[in-house]
Number of protein chains: 2
Amino acid sequence: MNESTRSGRQGTLLIIGGHEDKKGERLILKELAQRARGGSLLVATLASHNRVDELWDIYSRQFRELGVDDVVHFHIDGRAQANAAENVTLLDRARVVFFTGGDQLKITSDLAGTELCERLLRFYREDGGTIAGTSAGAAVMPETMLVSGRGGESHRIGDRLSMSPGLGKIKGVIVDQHFAERGRLGRLLAAVAQNPSALGIGIDEDTAILVEGNDEFRVIGDGAVYVLDGQGITYTNVADRARETTLAVSNMRLHALSHGHAFNLQQRVPLEAASTSPLLEPN
Amino acid sequence: MNESTRSGRQGTLLIIGGHEDKKGERLILKELAQRARGGSLLVATLASHNRVDELWDIYSRQFRELGVDDVVHFHIDGRAQANAAENVTLLDRARVVFFTGGDQLKITSDLAGTELCERLLRFYREDGGTIAGTSAGAAVMPETMLVSGRGGESHRIGDRLSMSPGLGKIKGVIVDQHFAERGRLGRLLAAVAQNPSALGIGIDEDTAILVEGNDEFRVIGDGAVYVLDGQGITYTNVADRARETTLAVSNMRLHALSHGHAFNLQQRVPLEAASTSPLLEPN
């Protein structure tokens, strides 16, 4: 979309709300498999503490079933490995890097500020590569990532809503995953109320947003994507000192989007007419 | 509030999202106990199929602990009992009728169109009585009640979202309970998208709205109350025929309110300034 023949072209982000439908139509994994054509697909398991081999088994089998021949296990443990040339150069023939789930802080603490991180940015910004992430791998995409916070109940002002700088691949948004499944409306409302300049994007399991360029995303998959726009908020108690008080917010704008629907991040509007246009563009 | 010395005065509704905090500060049960002064408090267990005696035990003990001497078990089984004079006249000395949880269809199928239902309306409209309901007892309050629908996931167009006429004590709203706890954003969004003239009101457990007059409610309790205002919706796929499609809605307005906050139902605006005014008025 944002293609430029001169200085390379910006790639694609695929931000997945978890689980990514490994048994049904596999729309999300197919999208990634298709984007891996002509290069390798790296399965980056660095978010995981204990399930590294298991995750590699699961995903490498999935992607091979979907016709990707060149699937590479891309595991980094510690910053030294993230500066090692043999890891950095793996990106030269990659078309897709897929971050699996686990602990988002493990991704950022191992990766941020390393050679690999720098290379990953060029891979995305100049080589037209696709960076995908599910669950923790999705949370790290924005400039500010949501690390933890309670689900299944409304937010209290004193609840720990931990945030941390992310990888900065997408600006001006805060992403939450497993959105409907873990009842995370309260914590995303709180995150947006704290700084309404950021759009809150809550992504269900088996569902993803595909971001091409800096302006738009499209929804792929089975569930919904919720956008919380706090620009019009007229009142919130989020900065009150009463820690046991439950969050109140007036005049939040809420959009629910499903498969095929698109959203303009700059204008903060759903692109309703786009719902019938094709999702995949020929590569 | 809406007192009129001539033709009696309109009473109060207390619509509770379930559970109602029987162990902590008991703000909601205290509110009811206070309102029972000078008369009896009827514990109406007709929503329950199997837990009638257990619910009576639980609530009668709670209300007695809170100083209500005149607690009466108000159980109706079948329409004949709802037309029986000995049941209807129990309302003559009542100040509060409290509907416990269970199956909302049991309440409406036993009660609607009976002598007791007629008397209950006068109790509320003319005698200044308080009608309270928790869970199923809350769902029956509006003109249209939400009977069932899935929680913990986003809504699909073909999902059964069962609605039925309620008791009509409050107009122009659809109430859902256990809101954050059971992840019911999806089903309330669907209910409002189906008919945006109704405001969606999602009430958490341990939380209630106190409706005095026809214009305003205030929030009491521990959790949040979410108001979905669909008047500005610009797009929804809720009437599409593709039953497996996930619900999409653009430009829903969302308010989150907590203890002490009020909302004007006619103007559809939160009354932010009201948050510091006292909740209880002297009776």
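This is a predicted model, so every value here is computed, not measured.
Of the listed residues (B:Val225, B:Asp222, B:Val269), the one with the most heavy-atom contacts under 4.5 Å to chain A is B:Asp222. In terms of non-hydrogen atom pairs under 4.5 Å with chain A, the most contact-rich of B:Leu257, B:Leu189, B:Thr207, B:Val227 is B:Leu189.
Summarising the geometry, atom CG belonging to B:Asp229 is positioned 11.0 Å from atom CZ belonging to A:Arg253; distances are rounded to the nearest 0.5 Å. For the atom pair A:Glu153 CD and B:Asp206 CG, the distance stands at 10.5 Å (nearest 0.5 Å).
Looking at B:Thr236, neither its backbone nor its side chain comes within 4.5 Å of chain A, counting heavy atoms on both sides. Only the side chain of B:Arg156 has a heavy atom closer than 4.5 Å to any heavy atom of chain A. Using a 4.5 Å cut-off between heavy atoms, B:Tyr226 touches chain A through its side chain atoms alone. For chain A, no part of B:Ile233 is nearby; none of its heavy atoms comes within less than 4.5 Å.
Heavy-atom neighbours of A:Glu25 CD from other residues, nucleotides or ligands within 6.0 Å: at or below the threshold of 12. In this structure, A:Gln267 places its CD atom where only 12 or fewer heavy-atom neighbours from other residues, nucleotides or ligands lie under 6.0 Å away.
Residues A:His255 and B:Asn251 meet the side-chain proximity criterion, which asks for heavy atoms closer than 4.5 Å. With a 4.5 Å cut-off on side-chain heavy atoms, B:Ser154 and A:Phe179 do not count as touching. In this structure, the side chains of B:Leu254 and A:Leu185 come closer than 4.5 Å at one or more pairs of heavy atoms.
Residues B:Ala256 and A:Leu247 come closest through the heavy atom pair CB-O, 4.1 Å. Taking all atoms of both residues into account, the shortest heavy-atom contact from A:Thr246 to B:Ser258 is O-OG, 2.6 Å.
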